[in-house]
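Working notes for the structure below.
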Amino acid sequence: MCRHLGYLGPAVPLAALVHDPPHSLERQSYAPADMRGGGTVNADGYGVGWYPAPGGPAVRYRRAGAIWSDENLARLSRVVVSGAVLAAVRSATVGMPVVDTACAPFTDGRWLFSHNGRVADWPGSVVDLAGALPTEALLTLDAPTDSALLWALVRARLDAGAEPAAALADVVSEVAAAAPGSRLNLLLTDGTVLAGTTWTHSLWVRAGGGAVTLASEPLDDDPDWRELPDGHAVTADVTGVSVVDIKGMGRG
């Protein structure tokens, strides 16, 4: 599987999310608490995306390998400050490439996207869904992986005008129907709103003090963390959190 997080709120150093908390994303890469049978470590890649200015395009840094070995990121995370961040560490599914371009976050302009999980019976199970995409979208996938295809499917729905949570929920419903047994925890932000899904894996939320964080696992022992129920879509910003059953959003 993988681990990921999204943050909106007062500007903080990237290190305040990625490196410093007791159960930071870096620690989750080698000592995850809740992988649910999806591996033991997340050492096949990592990435951080952030917004230098509200409403502007995202900036991304990603690499294959283990996050704890990257001294450049450790230094960068001390000086880069942002009020909107999406970060992830990767545990590659067997048979998928371990390269920089296979690492989340995936991006397109103002969007950042991450996938925690796997598509079952890849790639045959989703051939029909992939075939519905424009040829250019398939030819320009970041990598030949399930996560990159999921991003293309989500992006197509965003381009068609879908709201973030609806775009994620629609993709989860279609992929789950085509590939039963898939794990489809998705995370998406445009720097002003966070959207995510829980589909056979964990996602937690902490909100308050003008900030909101979604994360695969709590970053610390703050009692304000609460686990989101499986099979749901969440929309969150600094004003509140909304959680909806994916099966009640249309398809599924």
Side-chain angles (χ1 to χ4, degrees), residues 1-7 14-15 17-21 23-51 58-78 80 82 85-108 111-120 122-123 126 140-155 168 175 182-189 196-197 199 201-203 214-217 219:
M1 300 303 107
C2 305
R3 306 280 82 184
H4 56 198
L5 66 81
Y7 168 83
L14 300 183
L17 301 166
V18 176
H19 296 296
D20 292 345
H23 198 58
S24 67
L25 194 66
E26 179 184 10
R27 182 170 179 80
Q28 291 177 37
S29 69
Y30 62 84
D34 187 12
M35 291 289 279
R36 303 193 184 186
T40 54
V41 296
N42 300 277
D44 295 320
Y46 54 93
V48 185
W50 68 92
Y51 297 80
V59 175
R60 176 185 62 195
Y61 179 100
R62 60 179 178 172
R63 295 287 185 272
I67 190 172
W68 63 79
S69 67
D70 190 338
E71 294 184 3
N72 290 327
L73 177 60
R75 294 190 183 98
L76 182 73
S77 71
R78 301 291 170 193
V80 173
S82 179
V85 178
L86 193 153
V89 290
R90 181 179 184 228
S91 176
T93 301
V94 174
M96 293 192 185
V98 178
V99 294
D100 291 357
T101 55
C103 300
F106 300 93
T107 188
D108 182 6
W111 297 107
L112 292 168
F113 171 83
S114 176
H115 166 223
N116 170 17
R118 61 183 287 273
V119 172
W122 167 269
V126 288
T140 56
L141 289 178
D142 281 28
T145 65
D146 52 1
S147 297
L149 177 65
L150 290 172
W151 171 225
L153 293 170
V154 169
R155 192 170 65 238
L168 297 184
V175 174
S182 296
R183 295 188 171 193
L184 301 167
N185 277 33
L186 311 182
L187 197 57
L188 176 72
T189 188
T197 59
W199 198 268
H201 222 310
S202 61
L203 189 65
L214 296 176
S216 298
E217 301 177 12
L219 304 182

[X] [atom1] to [Y] [atom2] distance, which is reported to the nearest 0.5 Å:
| X | Y | atom1 | atom2 | answer |
| --- | --- | --- | --- | --- |
| Trp68 | Ser29 | CH2 | OG | 5.0 Å |
| Thr145 | Phe106 | OG1 | CZ | 4.5 Å |
| Leu86 | Leu188 | CG | CG | 8.0 Å |

Check your understanding: Passes side-chain contact (heavy atoms from CB on, under 4.5 Å), Asp100 versus Arg63? Steps please.
Key -> CA-CA 5 Å; Asp100 291 357; Arg63 295 287 185 272; 3.9 Å; yes

Exercise for review: List for me each residue that meets salt bridge (Lys or Arg N to Asp or Glu O under 4.0 Å) alongside Asp108, sequence neighbours excluded, and say none if there are none.
Suggested key: Arg155

Any side-chain heavy-atom pair of [X] and [Y] under 4.5 Å:
| X | Y | result |
| --- | --- | --- |
| Glu26 | Leu73 | no |
| Ile67 | Val18 | yes |
| Val89 | Arg27 | no |
| Thr93 | Val119 | no |
| Ser77 | Val48 | no |
| Leu25 | Leu17 | no |
| Asn72 | Tyr61 | yes |

Check your understanding: Are Arg62 and Asp70 within salt-bridge range, i.e. N to O under 4.0 Å?
Key -> no

Output yes when a side-chain donor or acceptor of [X] lies under 3.5 Å from a complementary backbone atom of [Y], and no otherwise.
| X | Y | answer |
| --- | --- | --- |
| Thr197 | Leu186 | yes |
| Asn185 | Ser202 | yes |
| Ser216 | His4 | yes |
| Arg3 | Glu217 | no |
| Gln28 | His23 | yes |
| Asn116 | Cys2 | yes |
| Thr189 | Leu112 | no |

Practice item. Only counting residues at least two apart or in another chain, list the ones meeting ring-ring contact (aromatic ring centres under 6.0 Å, His included) with Phe113. Key: Trp151

Could you pull out the closest heavy-atom pair between [X] and [Y], with the gap in Å?
| X | Y | answer |
| --- | --- | --- |
| Ala152 | Leu141 | CB-CD2, 3.7 Å |
| Pro32 | Tyr30 | CD-C, 3.5 Å |
| Gly49 | Pro105 | N-CG, 3.7 Å |
| Leu184 | Arg118 | CD2-O, 4.4 Å |
| Ala92 | Asp44 | N-OD2, 2.7 Å |
| Ser82 | Tyr51 | OG-O, 3.0 Å |

